[in-house]
S.K.: 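Sharing a structure below in structure tokens format, with a few things to ask.
Residue indices begin at 1 and follow the sequence shown. Whatever order the structure lists ligands and atoms in, that order sets their numbers, starting from 1. Because the structure is a prediction, the values reported are computed rather than measured.
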Amino acid sequence: MIKYSREVIAAQESGLPIVALESTIISHGLPRPRNLEVAHEVESIVRDAGATPATIALIDGIIHVGLESDELDRIANDSNVVKASTRDLAIIQATQQSAATTVAATAHIAHLAGISVFATGGLGGVHRGHSYDESADLLALARIPIVIVCAGVKSILDVPGTLERLETLAVPVLGYQTNRFPGFYLTDSGYEIEHRVDSATDIATIWNNRHDIKTDQCAIVVTNPVIHEMDRALHDALLNSGLEAAEKAGITGKAVTPFLLEHFHSSSHGESLRVNIDIIKSNSLLAANIAIALGA
Ligand code: PSU
Ligand code: MN
């Protein structure tokens with residue numbers, strides 16, 4: 001049912017820490033050709049930190065945990081690669097398509113493969129002006145026991161709405177070395193986080209405590225703020241023009257997030273791309289350190 005990469009098999013056999021990595025960032029979140037380079041760079045960061053990267057995707061209908069180099073290339077460059085959430089997985093298997101997986105689908109597969117730590121850029125959440133448009137990422141986090149490292153939710157979203165939903169869903173949110181909820185492109189979204197952690201070991205302690213008292217049925221969201229944020233004025237201007245353009249073009253469903261990210265990347269002269277890449281790299285490093293602290 002699952003095809004594992006050679007290095008993931010080796011790590012599983014030796015009980016070494018593994019970090020799941022998401023592939024929608026590569027196929028639908030970053031522009032070519034930088035996307036493939038970043039996918040490789042992120043894997044190297046995880047390896048250099050002492051953990052094994054497992055980028056997750058479907059190739060010709062087969063679930064892959066860990067991609068070989070040619071497979072990573074395919075996810076980055078084949079325009080037939082679709083964006084798959086959890087509900088799409090069995091269908092993609094049946095139709096033997098290739099797909100990149102969202103946070104929701106990646107978390108599901110990672111858990112299926114026994115992986116406890118996962119790094120992404122920014123979570124999906126409640127959309128601005130369309131509160132009925134809520135990412136499947138939120139319900140997935142409520143159901144899947146995994147540590148997910150992110151830079152908060154994407155700033156294109158309704159941040160307070162998303163925080164309220166996470167509270168309702170009883171998903172714990174931790175600030176890594178901060179009490180401010182990060183805003184993806186921005187270091188601080190303007191909202192507070194109640195719980196701050198200062199090290200990967202703190203997170204491992206919480207993970208183990210949850211297991212003992214059986215509050216371990218959902219994810220732990222670790223938010224890791226970007227250090228050099230995007231220029232705020234540029235950010236706010238692109239957010240407004242992007243939301244307007246999406247509305248005008250009638251973009252709906254799973255196309256909304258890629259549309260808005262692309263709007264930022266094509267209109268910010270590389271600034272949003274730089275920040276997005278910084279985010280993914282720094283989250284992957286932290287995820288590797290957490291996997292090591294967990295002995296996972
Ligand atoms: N983080 C990034 N870039 C991305 C995403 C996250 O830096 O493209 C993706 C993730 O796969 C996330 C998805 O699950 O955006 C959310 O999409 P939607 O809003 O359609 O659920
Ligand atoms: Mn949506």
Side-chain angles (χ1 to χ4, degrees), residues 20-32 34-35 38-39 41-42 55-58 75-76 81-89 99-110 118-142 144 146 148-159 161-162 165-166 171 182-186 219 221-226 229-230 242-243 246-247 250-265 268 271-284 287:
L21 298 168
E22 187 230 307
S23 49
T24 296
I25 296 181
I26 306 170
S27 64
H28 293 78
L30 299 172
R32 293 176 201 147
R34 199 64 187 101
N35 59 346
V38 172
E41 287 163 19
V42 163
T55 304
I56 291 178
L58 281 86
I75 293 300
V81 170
V82 298
K83 170 181 166 185
S85 192
T86 324
R87 67 173 185 168
D88 306 309
L89 294 175
T101 47
T102 63
V103 165
T106 309
H108 182 86
I109 294 169
F118 166 27
T120 184
L123 295 179
V126 180
H127 280 262
R128 289 183 195 236
H130 300 276
S131 54
Y132 53 84
D133 181 1
E134 179 178 315
S135 177
D137 290 357
L138 293 182
L139 282 177
L141 295 174
I144 303 168
I146 196 159
I148 170 154
V149 184
C150 62
V153 298
K154 285 187 272 288
S155 46
I156 54 177
L157 300 170
D158 174 346
V159 175
T162 306
R165 288 293 288 142
L166 286 168
V171 176
F184 190 61
Y185 293 132
L186 305 175
V221 175
V222 176
T223 63
N224 184 29
V226 70
E229 68 175 7
M230 194 175 159
L243 292 171
E247 196 75 43
I251 308 290
T252 56
K254 67 186 187 183
V256 174
T257 298
F259 180 90
L260 291 172
L261 293 176
E262 165 53 27
H263 178 81
F264 269 81
H265 294 328
S268 69
E271 178 66 356
S272 67
L273 182 58
R274 174 194 64 78
V275 178
N276 204 342
I277 294 170
D278 280 1
I279 286 170
I280 303 168
K281 288 185 175 175
S282 133
N283 292 349
S284 304

S.K.: Could you say whether the N/O atoms of Thr257 and ligand 1 ever approach to under 3.5 Å?
M.R.: yes
S.K.: Identify the two heavy atoms, one from Ser131 and one from Val126, that lie closest to each other, and give their separation to 0.1 Å.
M.R.: CA-CG1, 3.8 Å
S.K.: How long is the straight-line distance from CZ of Arg32 back to CD1 of Ile26, given to the nearest 0.5 Å?
M.R.: 12.0 Å
S.K.: Hey, is Asn276 touching ligand 1 through its side chain, its backbone, both or neither, going by heavy atoms under 4.0 Å?
M.R.: side chain
S.K.: What closest approach, in Å, do Asn283 and Ala151 show between heavy atoms, and which atom pair accounts for it?
M.R.: ND2-N, 3.4 Å
S.K.: Compare every heavy atom of Ala57 with every heavy atom of Ile75, then report the nearest pair and how far apart it is.
M.R.: CD1-CB, 3.7 Å
S.K.: Regarding ligand 1, does Phe184 bring an N or O atom to under 3.5 Å of one of the ligand's N or O atoms?
M.R.: no
S.K.: Could you work out, for atom 12 (C) of ligand 1, the closest of Val153, Asp137, Thr24 by heavy-atom distance?
M.R.: Asp137
S.K.: Run the numbers for me: atoms of ligand 1, each under 4.0 Å from some heavy atom of Thr102, listed by number.
M.R.: 11 (O), 14 (O)
S.K.: Taking only residues two or more places apart in sequence or in another chain, which ones pass side chain to side chain donor-acceptor pair (under 3.5 Å) with Lys281?
M.R.: Glu41
S.K.: Between Gly125 and Leu157, what is the shortest heavy-atom contact and its length?
M.R.: N-CD1, 3.2 Å
S.K.: Write out the residue and atom name of the closest protein heavy atom to atom 21 (O) of ligand 1, then the distance separating them to 0.1 Å.
M.R.: Ser135 OG, 2.6 Å
S.K.: Test your reading of the structure: does Gly122 have an N or O sitting under 3.5 Å from an N or O of ligand 1?
M.R.: yes
S.K.: Taking His108 as the fixed residue, which of Thr86, Thr102, Ile146 is the one that meets the side-chain contact (heavy atoms from CB on, under 4.5 Å) rule?
M.R.: Thr86
S.K.: Provide the closest heavy-atom pair for Ser284 versus Val42 in the form atom of the first, atom of the second, distance.
M.R.: OG-CG1, 3.2 Å
S.K.: Taking distance alone, with no angle check, do Thr101 and ligand 1 share an N/O pair under 3.5 Å?
M.R.: no
S.K.: Specify the protein heavy atom at minimum distance from atom 11 (O) of ligand 1: its residue, its atom name, and the distance to 0.1 Å.
M.R.: Glu22 OE2, 2.6 Å
S.K.: How far is atom 13 (C) of ligand 1 from its nearest protein heavy atom, and which residue and atom name does that atom have?
M.R.: Lys154 NZ, 3.9 Å
S.K.: Restricting to non-hydrogen atoms, name the atom on Leu123 and the atom on Val103 that form the minimum distance, rounded to 0.1 Å.
M.R.: CD2-CG1, 4.0 Å
S.K.: What are the atoms of ligand 1, with element, lying closer than 4.0 Å to any heavy atom of His127?
M.R.: 19 (O)
S.K.: Hey, which atoms in ligand 1 end up nearer than 4.0 Å to a heavy atom of Gly29?
M.R.: 8 (O)
S.K.: Looking only at distances, please establish whether an N/O atom of ligand 1 is found under 3.5 Å from an N/O atom of His28.
M.R.: no
S.K.: How long is the span from the CD1 atom in Ile280 to the CD atom in Glu22, to the nearest 0.5 Å?
M.R.: 8.0 Å
S.K.: Could you point out which residue of Thr101, Asp137, Thr120 forms a side-chain hydrogen bond (donor to acceptor under 3.5 Å, both in side chains) with Thr106?
M.R.: Thr101
S.K.: What is the nearest protein non-hydrogen atom to atom 8 (O) of ligand 1, stated with its residue, atom name and distance?
M.R.: Leu261 CD1, 3.4 Å
S.K.: Identify the protein heavy atom lying closest to atom 2 (C) of ligand 1, giving its residue, its atom name and the separation to 0.1 Å.
M.R.: Ile25 CG1, 3.7 Å
S.K.: Hey, what do you get for CD (Glu247) to OG1 (Thr252), rounding to the nearest 0.5 Å?
M.R.: 10.5 Å
S.K.: Identify which of Glu262, Lys254, Lys83 has a heavy atom lying nearest to atom 17 (O) of ligand 1.
M.R.: Lys83
S.K.: Which value, rounded to the nearest 0.5 Å, describes the distance between Thr55 atom OG1 and Leu21 atom CG?
M.R.: 4.5 Å
S.K.: Return the CZ to CG distance between Arg128 and Leu243, rounded to the nearest 0.5 Å.
M.R.: 6.5 Å
S.K.: What protein N/O/S atoms sit under 2.8 Å from the Mn ion (ligand 2), by chain and number?
M.R.: Asp133 OD1
